[in-house]
Protein chains: 2
Amino acid sequence: MIRDLCIRQPITVSDRRLAERCARGRVVVIDDDAEILLALCALFELEGYACETYDSAVAFLQVLSENGPCFPGPCCLLCDVRMPQIDGLELQRRLKELGDAPMLLMSGSSGAPEAASAFRAGALDFLIKPMKAETLLDAVTKALAVSAQRQHQRTRRDELATRLNALTEREREIAQRVALGQRNLEIADALGIALRTVKRHRHQVMEKLEVDTLVDLVHVIDEMK
Amino acid sequence: MIRDLCIRQPITVSDRRLAERCARGRVVVIDDDAEILLALCALFELEGYACETYDSAVAFLQVLSENGPCFPGPCCLLCDVRMPQIDGLELQRRLKELGDAPMLLMSGSSGAPEAASAFRAGALDFLIKPMKAETLLDAVTKALAVSAQRQHQRTRRDELATRLNALTEREREIAQRVALGQRNLEIADALGIALRTVKRHRHQVMEKLEVDTLVDLVHVIDEMK
DNA sequence: GCTTGATTGGCCCTTTGGGGCAATAGACGA
DNA sequence: TCGTCTATTGCCCCAAAGGGCCAATCAAGC
């Protein structure tokens, strides 16, 4: 591999493959059973997903804290419930603040209480071992779809937040009122300023938010609150 | 108390109490264990909720099919999983099309598979018997809040649907385009009609939808799709 | 045949929105 | 202290929206 790196452009090829896989989705599997890790990883890679495996929640958290937020592209966690030290449910709690990757929990020996806890804490599904490959892939597909959806939402919100941030205090004030349906003259009276001033601010708002109709302005403002 | 009831306006008093309870919320309990029904009913009424009990899903469905949709006010179902004939999960499936009352399932002997199924099918929570009164009341409170929310949404949508229905085909067309940010002249050109006609339709739309600003129009249209 | 509702169009006027040009004033970092 | 940024305003002009008044066409239903 190292040799390859030096001779031909293996980086490009392998990177392209990884990129393709990541675009389709990345599955992070956490289980203290090495055989299961191997089997699941094989299954996911066969299906064209990128797959990372960890033999404990601790190992995963370690890597997470070092690398920071993960790669772009949809990503989900598939995690065993029963594990030493940090179990699946505990990991779920810890990740609540860190990541927004959808979580799938799996267990062979858990009871209803664990399943209920998992769902309450926001797990997308709770799979019972042994599970059919089809069931598993189905759950993963849905989880990755959710992940993609969330990322899309987040990207969009960040984008809009940046634009909203470019507004001055006064412009924000005018933007709010415009999005509430107030007319320029109303706003001018309410703020005790001239009509012309309101128009100028309003123009700035439209410019900075990159919209050119009132309808779009309303959509942007509504989307952010 | 009874004396009081008989001497002065007893009907009014009891009605008022029932009304208060229904406003606070109504809990429908379904369990094949009569003792549990009694105990839960007592608990809920003590907390100020109205409570109905059924000793089987069949009995509940029977009453439901006779009376049609239930009373106004928030309402939730609390249903045992293990029951003869129709069990909790099966009832859940059957109610999927019928009602939108949030469902709480409870069980003492179920495993993770049942809990997972319940959540997948949209149950709000899955409680493990025996449960603390606090846990139960907490779940019921949340379920009733969800119910109130849903009813509010539905009422609003029905209201808007009625108004939208009052629009003629042409008016709907104009309403859509206006809500997309198209200008009157654009619309006129697109539909091959005169500007004046677009204005007239637009005016009718605002009138019939009971809005008086473009912003409100956008909100109404967006809310309906 | 007549009424009614939907759709359409023209003419004309007012209000509101959008924007160019020029200018003043306070705040703030270089 | 100077230049920049932000907020402010006035004057003027044009485009778009809102709407009154009048009127024609057409299909459906009594």
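Throughout, protein chains are lettered first and strands after them, A, B, ... in sequence-line order, and every chain is numbered starting at 1. Just so it is clear, the values below take in all heavy atoms, side chains as well, and ignore hydrogens, waters and symmetry mates.
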May I ask you to test the B/Val178-B/Leu214 pair for a side-chain heavy-atom distance under 4.5 Å? yes

Are OP1 or OP2 of D/dA7 and a side-chain N or O of A/Thr197 less than 4.0 angstrom apart? no

Protein-nucleotide distance (B/Arg170, atom CZ; D/dA27, atom P), rounded to Å: 16 Å

May I ask you to evaluate whether B/Asn184 reaches the phosphate of D/dA17, defined as a side-chain N or O under 4.0 Å from OP1 or OP2? yes

Could you state the CD1-P distance from A/Ile187 to C/dT15, rounded to the nearest angstrom? 19 Å

Test for a donor-acceptor pair under 3.5 Å between the base of C/dG9 and the side chain of B/Arg196, counting only N and O atoms. no

Separation of atom CD in A/Glu207 from atom C1' in C/dG20, rounded to whole Å: 14 Å

Say whether, by atom type as modelled, one donor and one acceptor occur between the side chain of B/Thr155 and the main chain of B/Gln151 under 3.5 angstrom. yes

Indicate whether OP1 or OP2 belonging to C/dG19 is found under 4.0 Å from a side-chain N or O atom of A/His203. yes

Value in whole Å for how far the P atom of D/dA16 lies from CG of B/Leu214: 16 Å

To the nearest Å, give me how far apart CZ (A/Arg177) and P (C/dG17) are. 15 Å

Is B/His201 close enough to C/dT8 that one of its side-chain N or O atoms is under 4.0 Å from OP1 or OP2 there? yes

N or O in side chain of B/Thr168 less than 4.0 angstrom from C/dT7 OP1/OP2: yes

Residue whose nearest DNA chain C nucleotide is more 5′ - B/Leu191 or B/Lys199: B/Leu191

Provide, to the nearest angstrom, the distance between the CZ atom belonging to B/Arg202 and the C1' atom belonging to D/dG18. 9 Å

Verify side-chain hydrogen bond (donor to acceptor under 3.5 Å, both in side chains) between B/Asp138 and B/Thr141, making sure each step is shown before the conclusion. CA-CA 5 Å; B/Asp138 221 54; B/Thr141 302; 5.5 Å; no

To the nearest Å, give me how far apart CD1 (A/Ile193) and C1' (D/dG10) are. 14 Å

Contact class for A/Arg183 (heavy atom, under 4.0 Å): base, sugar-phosphate, or nothing? sugar-phosphate

Around atom CZ of B/Arg183, are there more than 12 heavy atoms from other residues, nucleotides or ligands closer than 6.0 Å? no

Geometric class of the A/Phe126/A/Phe119 ring pair [parallel <30°, tilted 30-60°, perpendicular >60°]: tilted

Look at all strands and tell whether B/Arg200 reaches a base, only sugar-phosphate, or nothing, counting heavy atoms closer than 4.0 Å. base

Separation of atom CG in A/Leu185 from atom P in C/dT15, rounded to whole Å: 11 Å

